[in-house]
> 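Below you'll find the structure I mean.
Only a predicted model underlies this, so the values are computations on that prediction, with no experimental measurement involved.
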Amino acid sequence: STITDISGPTADDCVACDAGKYSAPGANNCIACDAGRYGAPGASTSACSGDCAAGRYSTVADISGPTADDCIVCDAGKYGAPGAATSACSGDCATGRYSTVTDVSGPTADDCVACDAGEYSAAGQAACTQCAAGEADLDFDPASACESCSSGYYSAVGSTACTECASGLADTDASASTPCVPCGAGSYTASGQVSCHACAAGTAGSDATPSTPCEACLSGYYAGSEAV
């Protein structure tokens, strides 16, 4: 009670401390709970009602209560064990995981949100990064970096596999980040190649399909290179 409060006729008629504050017997004011704690109304010790929930924190400048879930969410990229006392909480989310300020991440680094397949993250991140075009999450492990695809292959953003250029298509720029290019009539290529091969003299792409081998001319016929 204070000199402006009318408190009586019993000790229970004094004014209860607000949530997030406490007082000892005979006090004329309430004090913020200890860092890492929350308080229901009428708390009587500095520990108040108990620890902030996992993934949350409080400081002595915060009014945290009336429940453990009313403490503040940890910073993005962080997780918190119960009773955390700073916005950094207990530390960084584990590799392959992330948290945002709207996530409640705790009580361990492995309790942050897991990245999806085709993504990865280093420790302490607020978001996952998709594998770039030309790379792939080949091991399906978001804790490891994406791997580059070989020449003759292609992958789009966020891929979990490298796709081999089909027969009749070629990785002409030797860049797995760009789609395979169709070969022209009078040429041929097998799968996984970086160039198209012109039909040799005496052979022709008689079906005009670069995915099938060039065919030898019949007796009595001839063809120069790149014949269709």
> Identify the two heavy atoms, one from Tyr98 and one from Ala127, that lie closest to each other, and give their separation to 0.1 Å.
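Taking every non-hydrogen atom into account, CB-N, 3.8 Å.
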
> Between Asp75 (side chain only) and Lys78 (backbone N and O only), is there a donor and an acceptor less than 3.5 Å apart?
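No, the answer is negative, given that no donor and acceptor are paired below the 3.5 Å cut-off.
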
> Give a yes-or-no answer on whether the side chains of Asp139 and Ser144 include a donor-acceptor pair shorter than 3.5 Å.
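Checked: Asp139/Ser144 side chains pair up, N/O donor to acceptor below 3.5 Å.
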
> With a 4.5 Å limit on heavy-atom distance, are the side chains of Asp69 and Arg56 in contact?
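They are in side-chain contact.
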
> Show your reasoning for whether side chain to side chain donor-acceptor pair (under 3.5 Å) applies to Thr178 and Asp173.
CA-CA 8 Å; Thr178 55; Asp173 61 1; 2.7 Å; yes

> Do the side chain of Ser58 and the main chain of Gly36 share a donor and acceptor less than 3.5 angstrom apart?
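The answer is yes, because a donor-acceptor pair under 3.5 Å joins these two groups.
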
> Evaluate Thr189 against Leu169 for side-chain contact (heavy atoms from CB on, under 4.5 Å), listing each step before the verdict.
CA-CA 7 Å; Thr189 185; Leu169 303 175; 5.7 Å; no

> Quick one: does Pro82's side chain get under 4.5 Å of Pro107's, heavy atoms only?
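Counting from C-beta outward, Pro82 and Pro107 do come under 4.5 Å.
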
> Is a side-chain donor or acceptor of Ser159 paired with a backbone partner of Ala136 at a separation under 3.5 angstrom?
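Between the backbone of Ala136 and the side chain of Ser159 there is no qualifying donor-acceptor contact (under 3.5 Å).
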
> Quick one: does any side-chain atom of Gln125 pair with a main-chain N or O of Ala123 as donor and acceptor, under 3.5 Å?
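At least one qualifying donor-acceptor pair exists.
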
> Looking at side-chain heavy atoms only, is the closest gap between His197 and Ser187 below 4.5 Å?
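The answer is no; the side chains never approach within 4.5 Å.
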
> Kindly say whether Ala143 contributes a backbone atom to a donor-acceptor pair with the side chain of Asp141 at under 3.5 angstrom?
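At least one qualifying donor-acceptor pair exists.
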
> Using atom types as modelled and distance alone, determine if a side-chain donor or acceptor of Thr203 lies under 3.5 Å from a backbone N or O of Glu215.
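No: the side chain of Thr203 does not pair with the backbone of Glu215.
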
> For Cys112 and Arg97, which heavy atoms make the closest approach, and how far apart are they?
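Taking Cys112 first and Arg97 second, the nearest heavy atoms are O-NH1, 2.8 Å.
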
> Which heavy atom in Tyr38 sits nearest to a heavy atom in Cys48, and how many Å separate them?
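Shortest heavy-atom separation between Tyr38 and Cys48 comes out as O-CB, 3.0 Å.
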
> As an exercise, state the distance from CD of Glu164 to CD of Gln193, rounded to the nearest 0.5 Å.
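One finds 8.0 Å between CD of Glu164 and CD of Gln193.
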
> Ignoring hydrogens, what is the shortest heavy-atom contact between Ala133 and Val157? Give both atom names and the distance.
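That would be N-CG2, 3.8 Å.
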
> Let's go through Leu138 and Glu147 carefully: what are the C-alpha distance in whole Å and the side-chain angles of both, what is the deciding distance for side-chain contact (heavy atoms from CB on, under 4.5 Å) to 0.1 Å, and is it a yes or a no?
CA-CA 7 Å; Leu138 299 179; Glu147 299 179 49; 3.8 Å; yes

> What is the distance from atom CG of Asp116 to atom CG of Asp137, rounded to the nearest 0.5 Å?
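Asp116 atom CG to Asp137 atom CG measures 10.5 Å (nearest 0.5 Å).
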
> Are more than 12 heavy atoms from other residues, nucleotides or ligands located less than 6.0 Å from atom OH of Tyr120?
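For Tyr120, atom OH is not crowded (no more than 12 foreign heavy atoms under 6.0 Å).
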
> Taking atom NZ of Lys21 and atom CG of Asn29, what is their separation to the nearest 0.5 Å?
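Here the interatomic distance stands at 8.5 Å.
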
> Using modelled atom types only, decide if a donor and an acceptor are shared between the side chain of Ser49 and the backbone of Ala40 within a distance under 3.5 Å.
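Flag set: sc Ser49 to bb Ala40 pair under 3.5 Å.
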
> Which residues pass the side-chain hydrogen bond (donor to acceptor under 3.5 Å, both in side chains) test with Ser211, not counting sequence neighbours?
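In terms of side-chain hydrogen bond (donor to acceptor under 3.5 Å, both in side chains), with neighbours along the sequence ignored, Ser211 is linked to no residue.
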
> Verify side chain to side chain donor-acceptor pair (under 3.5 Å) between Asp111 and Ser105, making sure each step is shown before the conclusion.
CA-CA 6 Å; Asp111 290 310; Ser105 299; over 6 Å; no

> Do Asp171 and Ser151 meet the criterion of a side-chain donor-acceptor pair at a distance under 3.5 Å?
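No, no side-chain donor-acceptor contact under 3.5 Å.
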
> Looking at every non-hydrogen atom in both residues, tell me the closest pair between Asp51 and Ala68 and how far apart they are.
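So the two residues come closest at O-CB, 3.6 Å.
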
> Closest heavy-atom contact between Ala47 and Arg37?
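Distance-wise, the nearest heavy atoms are O-CD, 3.3 Å.
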
> Does the side-chain contact (heavy atoms from CB on, under 4.5 Å) test come out yes or no for Ser87 and Tyr57, once each step is laid out?
CA-CA 6 Å; Ser87 63; Tyr57 76 98; 3.6 Å; yes

> Can you find a heavy atom in the side chain of Ile72 that is under 4.5 Å from one in the side chain of Asp62?
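Yes, their side chains come closer than 4.5 Å.
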
> Can you confirm whether the side chains of Ser46 and Asp34 place a donor and an acceptor under 3.5 Å from each other?
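Side-chain D/A pair, Ser46 to Asp34: present.
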
